[in-house]
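Read the structure below first, then the notes.
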Amino acid sequence: MPHTEPRAASTEAGPSLRHTRRSLLLIAGLMLSLFLVASATLVVIAFQQNHAALEHSRQYAARAIDSQLRALETVVSDYAFWGDAYRHLHVTVDTGWAYERQNMGPSLYEDFGYEGLLVIGPDDTTTYAVIRGALTDLSAERWLGQGLDGVLALARAQYEAEEPVSVIHNMNGQPVLVGAAPLTVGSDPTVTPMRGGTSVVLFVSIMSPEKLLQIGRDLGVDGLRVADQGASNERAWLDLDTQGPSIALTWDPARPGEQLLYVMLPLLLLTGILCAGLALAILQRAFNTARDVDASYASLSASQAALAISEARFRDVAEASSDWIWETDSDLQITYLSDRFAKVTGHLRKDWLGRPITDFLRCPANLASWLNGQIGRTPGGDTWQCYYMSRDGRRRVCMVSLRYIEESPLAGGYRGTARDITDEVEARARIEHLSQHDSLTGLPNRNRLQQFLDGRLKDTAAENEPLAMLSIDLDRFKPVNDTFGHHAGDLVLTEVANRLRSCLRDGDLVARLGGDEFILIVSGLATQDEIARLCARLIDSVERVIEYRGQRVFISASIGVAMAPMDATDPAELLRYADIALYEAKGAGRKTWCFYASDMNERILQRNQLERDLRQAIKDQTLHIVMQPRYHVESGRMVAAETLVRWYHPVRGQLGPDLFIPIAEETGLIHPLSTWILRSACEEAVAWKNDVRVSVNLSPSEFRRGDLVARVHDILRETGLEPHRLELEVTENVMLEDAERALEVMLQLKALGVRLAMDDFGTGYSSLSYLSNFPFDGLKIDRAFIAGLGDSASSQAIVEAVIALGSALDLTITAEGVETSEQLEQLRRLGCFEAQGYHLDRPMHLKDLRKMMVPVQSIGESN
Ligand code: C2E
Ligand code: CA
Ligand code: CA
């Protein structure tokens, strides 16, 4: 499913930051422009002010000069248009009046600073000259260094109008102000104006640097001075209207603009800096805010992207997993089902939306109350195994999880998943079944039995309902397996399993523990009689003939019964007791049942003690052998002696082989014991120095162990007994257990040259068939048949038949357990070759037997 990945969170500025940065840059730009404009304006204002101030100062400078000129004109007017002066200075000069009497004398210089006071006669000669307060003959032209024609003319032109004039002269680069006026009688009527030309009065004020400074200062023009002609670019510049070479003034104009700048610029700068700082701070804040906004915007978009991913992921997961997802409202009505629902269940979503989820899911307890119990609980808690019916009608198992929805708008509802685990559950059930059942018969195995017992024994203890455990062992099963093959054995076991099961009720259990051992757990039977009837029924059922490929197979069973809680309540103990009872039943002749009794346990304990003692006895060689002679019936000659083992137990006294040989066989002690017996017997027979045979009984288990042939061979060689003098007695059981192997071992033994006899003939299973197939030399008819010779016709018939068969097969027939002369007589009549029994000889100590060995004994002479 396509979905877009969100762009990775970029390190670039976010839009808000960018926007803010732009805005703030704009504002900063505006502020800077404003600042610049303000500064520029300030500068312009300052410049204008400077300019205005300059202009003002220029006017003041001009006015200063002008006022000097006006003052000069005034003072010259005062003296020139004055009758007395006319009288005393025109044409003839009265220096006494003018100079000495101070009418126009040195005081004008001393008090008013006029450097020159000159009177120029009508003929342009200087008639009166006071220079710097001193009367002098110096002509005006000489003093001033230039002609005065211009000013004189101007002044004389004003004779009628009586107006003064003034000019500025350049005297060696120094401006010299000259006020001039024609000398007239003025308003004095006592003086009559003369004819013949006009005298001119000149007042001269030299604009010395000091005077210039002073007059400038008076009018607020600082530093007024004569300008250097080279520096004509001076802004403070005033060209004087001079007679002769031009002259200009300059000064230090006030620069209010600069002051303004000095004052305002720092202020403006400071303000600028403050503003900049403020702006920076605001900027920073704005940036931060913008960044925050961006960050939150970024995180917002990131979370939106994450949400998108999470949704996509959810969809993918929802579709990829076998889970389907559901939601309900608070009334448990289904409000949502994921797409998987349809695929997994086969149902259409629309068919279930709006219906209660409890209609769909069947859970072990009330789903509704479970769901309601979820309120306020942390999610991810419980899961339940529930069931539903798929659209095709199959019962499906699913694991349901849920949580309570707290987020609006679905708050109050529930959400969960359902995972189909049908296959898992079935597989688990299969495995469970396999692990708990026997693969051959399908019966519960030991594991299941254990579980069943654990449960039932607890119930039993609680309810006080008795429980019977039946331990069943098949009799003669092994030969079936060996004779007909494993397939037949399997079939028999399966058939037996079915038969056992058919005898029980539903709540009971039949388990197979392996081999031909079965355990039945039966409840509801109160009395021993009821259980006994069941046992009889079971045995009957097992004994019914089983057909296998046209052959009839017979089998039986022995049963040991233990009861709970009477005998035990512990499973292991109960099993052990049932086994003890079974052992007892087998010991009691098989095809029967035995209830456990506490003395059985005692016997078992005793048996275990016996086993320990036997082990010790074999080690200590405290066992011994006796021998029972066997006689030729016709001649009464001793032909052989059977070796029988005895044990004198330190506590229990003399013990017969029937008591301890089975224990030796079960525990494997039979091997060392048998080797010892065989060696002892052979050694003894060698000592006889005649040809009487010695026979030794072998146990079936010795045929199972591979070393029998070698053992016999070694003992014969060690003892030096001729092999034909040794006879080995074996029972049918040897053939029943493993006929092939038994035959092989027998053939090897035969190859050693020893004789083989079949012992206890007639008690076995299918005796006759073995006789022709196995390499026997002799056959011993079981003493049970001999005992019945007198009164049982069938016994006699069997003995007769066996003797006849033996003859036919060229076997030496021995009758065992001959206890009476009648029996012996009868055997003789029937043509039995050899006889053995208490009537002839009891088993005897070796030294006693040895005594009998020298003469050849006859039957008649014995006993
Ligand atoms: P079996 O091989 O049938 O041995 C003969 C048993 O019959 C002997 O019992 C013997 O004492 C007893 N017997 C002999 N004559 C008479 C009689 O007239 N009447 C009666 N009622 N019994 C008679 P025993 O010695 O108790 O041996 C019992 C069984 O123990 C033997 O039966 C044999 O199967 C086994 N057995 C004895 N010694 C050995 C042995 O060294 N090795 C092995 N593997 N088994 C042995
Ligand atoms: Ca025997
Ligand atoms: Ca026997």
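Residues take their numbers from the sequence shown, with the count starting at 1.
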Task: Intermediate values then yes/no, side-chain contact (heavy atoms from CB on, under 4.5 Å), Gln68 and Leu72 - done: CA-CA 6 Å; Gln68 286 299 312; Leu72 211 55; over 6 Å; no

Open item on the list: What's the separation between atom CG in Leu183 and atom CZ in Arg87, rounded to the nearest 0.5 Å?
Closed with: 11.5 Å

Task: Close side-chain approach of Ile334 and Arg349, heavy atoms under 4.5 Å - done: no

Open item on the list: So if I apply the side-chain contact (heavy atoms from CB on, under 4.5 Å) rule between Leu118 and each of Val200, Thr136, Leu202, which one comes out positive?
Closed with: Leu202

Open item on the list: Does any part of the side chain of Val130, heavy atoms only, come nearer than 4.5 Å to the side chain of Tyr114, both counted from C-beta?
Closed with: no

Open item on the list: Is the distance from the ring center of Phe203 to that of Phe112 below 6.0 Å?
Closed with: no

Open item on the list: Any non-hydrogen side-chain atom of Asp94 less than 4.5 Å from a side-chain atom of Arg101?
Closed with: yes

- [ ] Drop me the distance from Gln146's CD to Asn172's CG, to the nearest 0.5 angstrom.
- [x] 8.5 Å

Task: From Trp324 atom CH2 to Thr345 atom OG1, the distance as rounded to the nearest 0.5 Å - done: 6.5 Å

Task: Heavy atoms from other residues, nucleotides or ligands near CG of Asp123 exceed 12 (cutoff 6.0 Å) - done: yes

Task: Minimum heavy-atom distance between Trp352 and Leu337, given as atom pair plus value - done: CB-CD1, 3.9 Å

Open item on the list: Taking atom CZ as the centre, does Arg142 end up with more than 12 heavy-atom neighbours from other residues, nucleotides or ligands that are less than 6.0 angstrom away?
Closed with: no

Task: His90 and Tyr86 aromatic ring geometry - parallel, tilted or perpendicular at 30°/60° bounds - done: parallel

TODO: Check step by step if side-chain contact (heavy atoms from CB on, under 4.5 Å) holds for Arg156 and Ile120.
DONE: CA-CA 11 Å; Arg156 282 175 184 132; Ile120 309 300; 4.2 Å; yes

Task: Distance in Å, Leu177 CG paired with Glu73 CD, rounded so as to fall on 0.5 Å steps - done: 10.5 Å

Task: Contact check, side chains of Ile206 and Gln174, non-hydrogen atoms, under 4.5 Å - done: yes

Task: Which atom of Asp188 lies closest to which atom of Asp84, heavy atoms considered - done: OD2-OD1, 4.0 Å

Open item on the list: With a 4.0 Å cut-off on N to O distance, would you call Asp420 and Lys343 a salt bridge?
Closed with: no

Task: Side-chain (Lys211) to main-chain (Ser205) donor-acceptor, under 3.5 angstrom - done: no

TODO: Give the C-alpha distance, both sets of side-chain angles, the deciding distance and a yes or no for side-chain contact (heavy atoms from CB on, under 4.5 Å) between Leu138 and Thr126.
DONE: CA-CA 8 Å; Leu138 209 61; Thr126 304; over 6 Å; no

Open item on the list: Quick one, Val119 and Val93 - any side-chain contact, counting heavy atoms below 4.5 Å?
Closed with: no

TODO: Go through the side-chain N and O atoms of Ser57 and Trp251 and say whether any donor and acceptor fall under 3.5 Å apart.
DONE: yes

Open item on the list: Within a 6.0 Å radius of atom OH on Tyr159, are there more than 12 heavy atoms belonging to other residues, nucleotides or ligands?
Closed with: yes

Open item on the list: To check you understand the geometry: which heavy-atom pair defines the closest contact between Arg355 and Asp351, and what is its length?
Closed with: CD-O, 3.1 Å

Task: Whether Thr250 side chain and Arg225 backbone form a donor-acceptor pair below 3.5 Å - done: no

TODO: Going by the side-chain contact (heavy atoms from CB on, under 4.5 Å) test, name the single residue among Val226, Val176, Ile215, Leu213 that passes it with Met207.
DONE: Ile215

- [ ] State whether Glu327 and Arg415 are salt-bridged, where the test is any N-O pair (Lys NZ or Arg NE/NH1/NH2 against Asp/Glu carboxylate O) under 4.0 Å.
- [x] yes

Task: Between Trp97 and Trp82, ring centroids under 6.0 Å - done: yes

Task: Sub-4.5 Å side-chain heavy-atom contact between Phe81 and Gln158 - done: no

Task: Side-chain heavy atoms of Val204 within contact of Trp143, under 4.5 Å - done: yes

TODO: Would you confirm whether Arg340, through its side chain, and Ser338, through its main-chain N or O, come within 3.5 Å as a donor-acceptor pair?
DONE: no

TODO: Could you tell me which non-hydrogen atom of Val76 sits nearest to which non-hydrogen atom of Ala181, and how far apart they are?
DONE: CG1-CB, 3.8 Å

Open item on the list: Quick check: closest heavy atoms across Ser199 and Pro122, and the distance to 0.1 Å?
Closed with: OG-CD, 3.3 Å

Task: Phe360 and Phe341 aromatic centres sub-6.0 Å - done: yes

Task: Flag side-chain contact, heavy atom, 4.5 Å: Pro356 against Gln333 - done: yes

TODO: Before giving the answer on side-chain contact (heavy atoms from CB on, under 4.5 Å), spell out for Asp323 and Met399 the whole-Å C-alpha distance, their side-chain angles and the decisive distance to 0.1 Å.
DONE: CA-CA 9 Å; Asp323 295 17; Met399 213 63 179; over 6 Å; no

Open item on the list: Just verifying a value: how many Å separate Ser246 OG and Ile168 CD1, rounded to the nearest 0.5 Å?
Closed with: 11.5 Å

Task: Neighbour count >12 (heavy atoms, 6.0 Å) for atom CG, Asp241 - done: no

